Amino acid sequence: MAQPLFRAPAGTRDILPPASARRRGLVRVFADLADRSGFSLLESPIFEELGVFQRLGANNDVVTKELFEFFDKGDPPRHLALRPELTAGVCRAFAEHRPTPPWKIWYSGPQFRYERPQAGRYRQFEQVGVETLGTDDPHADVEVVGLGVRFYEALGMRQVRLLINSLGDSESRPAYNAALAAYLQDRRGELSEQSLVTLERNPLRVLDSKREQDQPVIAEAPVMADFLSGASAEHFAAVRAGLDSLDAVYEVSPRLVRGLDYYTRTTFEFVADALDTAQNAVGGGGRYDGLVEELGGPPTPGIGFALGVDRILLACDAEDAFSGTAPPVEVFVVDVADGRSAVVLCDRLRQAGLGVDRAFDGRSMKAQMKRADRSGATVAVIVGPDEQAAGTATVRDMRPGGGQRQVAADDLVAAVTELLTGGVQ
RNA sequence: GUGGCCGUAGCUCAGUCGGUUAGAGCGCCGGGUUGUGGUCCCGGAGGUCGGGGGUUCGACUCCCCUCGGUCACCCCA
């Protein structure tokens, strides 16, 4: 074979079967959980006006360096961008439609960041998430964080750690920022070159450095907890108490900071210990009490999280969880007469609600039976010249030791159903 | 964006010091069983060795560039 003419662009990939089915299954688990918790699906555009994302923070790589931006054919052209995350779009939608709070929504879908690809880091990646807008009740925080905890549990993951912290409110945040910046300036001689650059732009982010050199400085840095206002401290305490009452295991991580600038008060992260790479954060979120207002809406508190589907699946592989779903094909129709029976029988069985597949190209019985086996079907329906002449079909139990018998075409659905529900014949 | 490593059939990999027609397992197709899968046996298709350039009598092998992947930083899910 020659070289393929095209391949998927860097950082993107085709999700082929059976991985695609497993992925869809994961999203379904999340959707069920969110639906049952009173969250409703929001489908927002995959691209937005650039300004929507610029509100995420001017000194943030996601917005400044990693955006896929483009102009449309309007006159004048609109400056648009593929969404690098989903919270901004949700807040834009809230500001635009003014739904009655609290507005609880969930979502799933692709997002785009122009980064150097790596395992668990793609230019097109998928997240599932929830947002609760219009309340700052700490119990809303508990509900959101708890939903995340239960989701990982539902997947059968055991090696996910929950880290939480409070970043304070508009009152306490500036004081902490100033203290942290002063401290870091004081010890700038010990910081790595890159951290010095980060220090100028966003002192908080220095705490996220992974370089060995920075660790001693980070370890002794002032912590937000000491700067929380009374209200913020109380809020944080209520969140922790709520998580305790759910028996949700968490670690207070006083130096946990989040990538996006809009976070206030409650912040949290889910870390997969089964992943021994740098990309081991499988989910994260927090409160963003100012974002809706930033986007021109009324002052509206909000909290939510986003969980990375790609990384979760990687982590599931690593700890052998959520292996996937059963094959949907229950019946395989084999036609070694002229093939016309298979057309009709497949339709009839499918209309009866069964999962049915078949072979094409008039292949040999052996070949078709092999296909039937590979399909995972429990039952094979066989039509040859004999059956066709007699108006019957042979129903074969494909399980080890299973037998077969001929039934009238009209009794086929009943016979197949009986086999599928009745166990080995 | 910076640096390291990797790139051989659809997949996972072997390929000696640069030396003739590049191999295996799995998968796929066909046959053994002219109506029966999962086991077994036989056979077959499938690769210009990621792409381009260079060194050399000769390159899968060495060098450069490039594309892709991967690891660390960065960023973050």
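The structure displayed is predicted, hence computed values, not measured ones. By convention in this document, chain letters (A, B, ...) are assigned in the order of the sequence lines, proteins followed by strands, and residues within each chain are numbered from 1.
Side-chain contact between Pro84(A) and Gln111(A) is absent, with no heavy atoms from C-beta onward closer than 4.5 Å. Within the 4.5 Å cutoff, the side chain of Met369(A) has heavy atoms near those of the Val334(A) side chain.
Base contact: Lys366(A) has a heavy atom under 4.0 Å from a base atom. Contacts of Glu387(A) with the nucleic acid, taken as non-hydrogen atoms under 4.0 Å apart, include base atoms. Among the heavy atoms of the strands lying under 4.0 Å from Arg363(A) are primed sugar atoms or P, OP1, OP2 only; no base atom is included.
The phosphate of C28(B) (OP1 or OP2) has a side-chain N or O of Arg374(A) nearer than 4.0 angstrom. Considering only side-chain N and O atoms, Arg371(A) lies under 4.0 angstrom from the phosphate OP1 or OP2 of C29(B).
Taking atom CG of residue Asp386(A) and atom C1' of nucleotide U34(B), one finds them 14 Å apart after rounding to whole Å. Look at CG on Asp373(A): it is 4 Å from C1' on G37(B), rounded to the nearest Å. Remark: C1' of G30(B) and CE of Met369(A) are 18 Å apart, rounded to the nearest angstrom. The interatomic distance linking Leu5(A) (CG) with G50(B) (C1') rounds to 14 Å, in whole Å. Atoms CG (Asp397(A)) and P (G37(B)) sit 16 Å apart, rounded to a whole Å. If you measure from atom OH of Tyr114(A) to atom C1' of G1(B), you get 10 Å, rounded to the nearest angstrom.
A donor-acceptor pair shorter than 3.5 Å cannot be found between the side chains of Thr267(A) and Asn165(A).
In RNA chain B, runs of at least 3 stacked Watson-Crick or G-U pairs (N1-N3 plus N6-O4 or O6-N4, or N1-O2 plus O6-N3, all under 3.5 Å) give these stems: B:1-7 with B:67-73, B:10-13 with B:23-26, B:28-32 with B:40-44, B:50-54 with B:62-66.
You won't find any donor-acceptor pair under 3.5 Å spanning the side chain of Gln368(A) and the base of U36(B), going by distance alone.
Residue Val336(A) is tested with Gln368(A), Arg363(A), Lys366(A) for a side-chain contact (heavy atoms from CB on, under 4.5 Å); the sole match is Gln368(A). Applying side-chain contact (heavy atoms from CB on, under 4.5 Å) to Val282(A) and the options Leu307(A), Ile312(A), Leu314(A), Asp310(A) leaves one that passes, Ile312(A).
Nucleotides G7(B) and U61(B), compared at atom P, are 11 Å apart to the nearest Å. Distance check on atom C1': U48(B) versus A59(B) gives 13 Å, rounded to whole Å. Here, G68(B) and U8(B) have their C1' atoms 15 Å apart, quoted to the whole Å. Taking the P atom of each, C49(B) and C60(B) are spaced 7 Å apart, rounded to whole Å. For C13(B) and U70(B), the P atoms lie 14 Å apart once the distance is rounded to whole Å. Atom P of C74(B) sits at a distance of 35 Å from the matching atom of G51(B), rounded to the whole Å. Of the P atoms belonging to G69(B) and U12(B), the separation is 15 Å, rounded to the nearest Å. Distance noted for atom P between G46(B) and U55(B): 34 Å (whole Å).
Here Phe268(A) and Tyr250(A) keep their ring centres 6.0 angstrom or further from each other.
By the side-chain contact (heavy atoms from CB on, under 4.5 Å) test, Val344(A) pairs with Arg348(A), sequence neighbours left out.
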Between Val90(A) and Tyr107(A), does the side-chain contact (heavy atoms from CB on, under 4.5 Å) criterion hold? Intermediate values first, please.
CA-CA 9 Å; Val90(A) 174; Tyr107(A) 51 71; 3.9 Å; yes

Determine, step by step, whether Val379(A) and Val395(A) satisfy the side-chain contact (heavy atoms from CB on, under 4.5 Å) criterion, reporting the C-alpha distance in whole Å, the side-chain angles of both residues, the deciding distance to 0.1 Å, and the verdict.
CA-CA 7 Å; Val379(A) 177; Val395(A) 175; 3.7 Å; yes

Base-contact (B) and sugar-phosphate-only (S) positions in nucleotides 66-77 of chain B, heavy-atom cut-off under 4.0 Å, - elsewhere:
--SSBBBBBBBB

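Here the closest non-hydrogen pair linking Leu204(A) and Tyr176(A) is CD1-CE2, 3.5 Å.
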